[in-house]
Engineer: 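I have a structure I would like to understand better, so I am pasting it below and will then ask my questions one at a time.
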Amino acid sequence: MCGIFGISGHPEAARMAYFGLYALQHRGQESAGIATFDGKHILNHAAMGLVPDIFDEHTLGQELRGDKAIGHVRYSTAGVSARRNAQPLAVRVRGVEIALAHNGNLTNAAQLRRELEDRGAIFQTNSDSEIFLHLIAHGLAGKTLEEAILNACGRVRGAYSLIILSQGKVMGLRDPHGFHPLAFGKVHRAGPDADAWVFASETCAFDLLEAEYIRDVKPGELLIVDGDDITSLKVPGADETPVRQCIFELVYFARPDSLVFGEDVYRCRKRMGMELAREAPTDAELVMPFPDSGVYAALGFAQEAGVPYEHAYIRNHYVGRTFIQPSQTMRDFGVRVKLNPVRSMIDGHRICMVDDSIVRGTTVRTRVRKLRELGVREAHFRVSCPPVTHPCFYGIDFSSSDELVAANHPLERLPGLLNLDSLHYLSIEGLLRSVSHPDHYCLACFDGRYPVPCGEACGGDCPAQGGDPA
Ligand code: 5GP
Ligand code: MG
């Protein structure tokens with residue numbers, strides 16, 4: 001997963017991108033970067049770490065000049081964690097400078113990379129995003145930039161929300177299935193032609209900039225901002241491709257104060273909790289989440305079940321990631337310093353925990369062990385999404401089925417395995433009742449119906465090999 005941002009027509013574009021990325025930090029904490037256009041050249045600054053650690057007064061105020069900027073926060077799903085994979089990626093080809101920020105995973109990356117390398121392309125990174133740059137660069141011979149971008153889209157498969165900065169234009173683009181989000185908005189400023197245009201993965205970035213949300217970039221749309229001219233073009237195949245947005249954005253990934261795919265994430269999560277309470281009620285004394293994921297589903301669950309909602313774990317808000325050291329002792333400290341139990345809420349009580357998801361099962365195992373130590377009488381667990389049984393090839397970090405606890409054990413054995421008194425997942429139908437456009441989602445991680453064949457991403461042996469053209 002990743003977060004992307006773009007702005008055009010703002011005198012402090014880099015600073016706006018900085019705040020935009022700050023709001024998108026939850027989408028990736030590994031590296032961040034901003035590229036700007038100063039009227040002549042693209043300037044780029046990217047590094048490993050969190051947004052506030054990477055940029056300072058000098059980079060924002062002097063280095064990154066210009067009224068157009070794009071930015072990226074990275075969570076590595078494809079390609080190793082390294083500085084050279086930090087985005088935006090920027091290149092100069094045939095006299096054209098291009099910078100690009102990508103959220104998603106291409107499924108035919110390996111094949112395209114081999115083809116490009118056979119034709120002499122030299123790759124600087126091992127992230128699939130660079131393939132776009134090469135395809136665009138190749139396509140520039142005798143073609144406009146827009147044509148080259150659309151041709152590149154015709155070659156790649158899989159998930160991409162992209163923001164591209166080139167020739168003084170800022171462009172937002174979503175793949176035809178629209179796997180990952182991208183919103184478009186406007187910053188109102190005083191004076192003639194003073195408004196600025198913005199793109200962001202999530203609208204929480206607009207709120208911070210006091211930008212008005214206009215609409216989403218549509219699945220299969222290339223939206224071009226050139227000064228105050230806005231042009232919309234269609235990616236090849238856009239009309240014939242069903243919309244398959246990633247429902248996990250709503251379950252877990254996006255911030256609850258965002259609109260994503262036009263859905264109010266907070267309300268969606270609460271509805272998931274309510275549906276879950278109808279499907280699998282509890283007679284526990286209290287319902288609790290673990291901060292912060294699962295809070296909104298737990299709220300909906302408790303309201304619907306009529307069971308008191310409590311916080312039996314308290315979070316220390318001053319823990320930075322730097323605290324977490326690579327030795328096991330220090331890791332255990334890391335967990336304890338972050339979350340501390342209110343013992344009296346647990347000892348001797350019947351508790352129902354609600355969380356957004358179980359992936360590998362590590363989190364729930366650790367938590368239940370702790371609750372047992374603290375003398376919990378009954379430990380019940382409710383999950384506000386269906387069992388994750390299939391890996392994701394489109395950008396969510398569910399790498400292989402071997403790691404997915406629900407893929408490797410029958411459901412009825414899971415409570416025993418996880419030391420729970422009861423365990424229930426939300427059904428797919430319940431999940432779909434929680435969203436406004438139930439037929440617009442990719443549910444592959446729950447049902448194995450992959451909208452795009454996974455290509456070679458799985459190593460050649462998985463149910464997505466042939467794809468499901470649903
Ligand atoms: P597990 O420990 O079962 O592997 O993961 C489940 C927990 O991780 C849940 O509490 C959920 O909130 C969180 N989670 C779910 N998806 C992701 C993800 O893509 N990245 C990270 N960092 N956490 C996730
Ligand atoms: Mg969690």
Side-chain angles (χ1 to χ4, degrees), residues 1-3 24-31 50 73-78 81 103-105 159 179-181 201-202 246-256 260 265 268-269 272-273 276 287-299 301 311-313 315 319 321 324 331-332 334-335 338-339 352-371 379 381-409 411 414-415 417-420 423-426 431 442-446:
M1 267 318 212
C2 295
L24 298 174
Q25 184 81 77
H26 63 288
R27 296 183 68 87
Q29 300 91 40
E30 182 184 288
S31 67
L50 297 174
V73 287
R74 178 162 198 264
Y75 176 123
S76 66
T77 50
S81 167
N103 172 202
N105 255 21
F179 282 107
H180 297 300
S201 295
E202 296 181 32
C246 168
I247 204 153
F248 214 72
E249 288 272 358
L250 302 177
V251 169
Y252 166 79
F253 213 76
R255 251 170 63 162
V260 160
V265 178
C268 280
R269 284 194 192 150
M272 290 169 200
L276 182 59
V287 167
M288 62 170 257
F290 278 87
D292 290 317
S293 70
V295 162
Y296 313 94
L299 272 171
F301 185 94
H311 278 199
Y313 267 86
R315 176 169 162 182
V319 186
R321 276 166 59 92
I324 304 186
R331 251 202 296 275
D332 294 344
V335 174
K338 223 186 233 170
L339 284 182
C352 182
M353 291 160 269
V354 178
D355 203 1
D356 56 273
S357 55
I358 294 180
V359 182
R360 291 165 193 84
T362 323
T363 312
V364 48
R365 259 196 207 100
T366 329
R367 285 168 180 176
V368 174
R369 190 181 315 130
K370 187 71 193 169
L371 288 175
F381 208 92
R382 299 290 181 271
V383 191
S384 66
C385 77
V388 176
T389 48
H390 291 76
C392 178
F393 303 109
Y394 315 128
I396 299 279
D397 189 14
F398 307 151
S399 34
S400 78
S401 9
D402 316 342
E403 294 176 350
L404 303 172
V405 69
N408 292 294
H409 305 278
L411 280 190
L414 286 182
L417 201 74
L418 301 171
N419 194 12
L420 291 164
L423 168 66
H424 291 280
Y425 289 88
L426 182 61
L431 179 63
C442 171
L443 304 168
C445 55
F446 308 129

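What you see is a predicted model, and the numbers here were worked out from it, not measured in a lab. In each ligand, atom 1 is the first atom listed, and ligand 1 is the first ligand listed. Side-chain atoms are counted along with the backbone in the values below, which use heavy atoms only and exclude waters and symmetry mates.
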Engineer: Less than 4.0 Å between a side-chain N and a carboxylate O, is that true for E202 and R255?
Structural biologist: no
Engineer: Quick one: which ligand 1 atoms are inside 4.0 Å of a heavy atom on D356?
Structural biologist: 11 (C), 12 (O)
Engineer: Whether the D355 and S384 side chains hold a donor-acceptor pair (N or O, under 3.5 Å, no angle test) is what I'd like checked.
Structural biologist: no
Engineer: For the ring pair Y313 and F290, is the centre-to-centre distance below 6.0 Å?
Structural biologist: yes
Engineer: Among R27, H180, R74, find the residue that satisfies the side-chain contact (heavy atoms from CB on, under 4.5 Å) test when tested with C2.
Structural biologist: R74
Engineer: With a 4.0 Å heavy-atom cut-off (strictly under), which part of S357 contacts ligand 1: side chain, backbone, both or neither?
Structural biologist: both
Engineer: Over 60° means perpendicular and under 30° means parallel, so tell me whether F253 and Y75 are parallel, tilted or perpendicular.
Structural biologist: perpendicular
Engineer: Counting only heavy atoms closer than 4.0 Å, does ligand 1 sit against the backbone of T363, its side chain, both, or neither?
Structural biologist: both
Engineer: Heavy-atom contact under 4.0 Å between F290 and ligand 1?
Structural biologist: no
Engineer: Is there a donor-acceptor contact under 3.5 Å from the side chain of T389 to the main chain of F446?
Structural biologist: yes
Engineer: Could you tell me whether some N/O pair between S293 and ligand 1 is separated by less than 3.5 angstrom?
Structural biologist: yes
Engineer: Enumerate the atoms of ligand 1 whose separation from the nearest heavy atom of G361 is less than 4.0 angstrom.
Structural biologist: 1 (P), 3 (O), 4 (O)
Engineer: Any nitrogen or oxygen of I358, main chain or side chain, under 3.5 Å from a nitrogen or oxygen of ligand 1?
Structural biologist: no
Engineer: Take R369 and N419 through the side chain to side chain contact (heavy atoms under 4.5 Å, CB included) test and state the conclusion after the steps.
Structural biologist: CA-CA 8 Å; R369 190 181 315 130; N419 194 12; over 6 Å; no
Engineer: For ligand 1, which atoms sit closer than 4.0 Å to a heavy atom of R360?
Structural biologist: 1 (P), 3 (O), 4 (O)
Engineer: So is there a nitrogen or oxygen of F253 less than 3.5 Å from a nitrogen or oxygen in ligand 1?
Structural biologist: no
Engineer: Does ligand 1 have a heavy atom under 4.0 Å from the side chain of D355, from its backbone, from both, or from neither?
Structural biologist: side chain
Engineer: Taking the side chain as everything from C-beta on, heavy atoms only, tell me whether M288 gets closer than 4.5 Å to C352.
Structural biologist: no
Engineer: For Y75, which part has a heavy atom under 4.0 Å from ligand 1: side chain, backbone, both, or neither?
Structural biologist: side chain
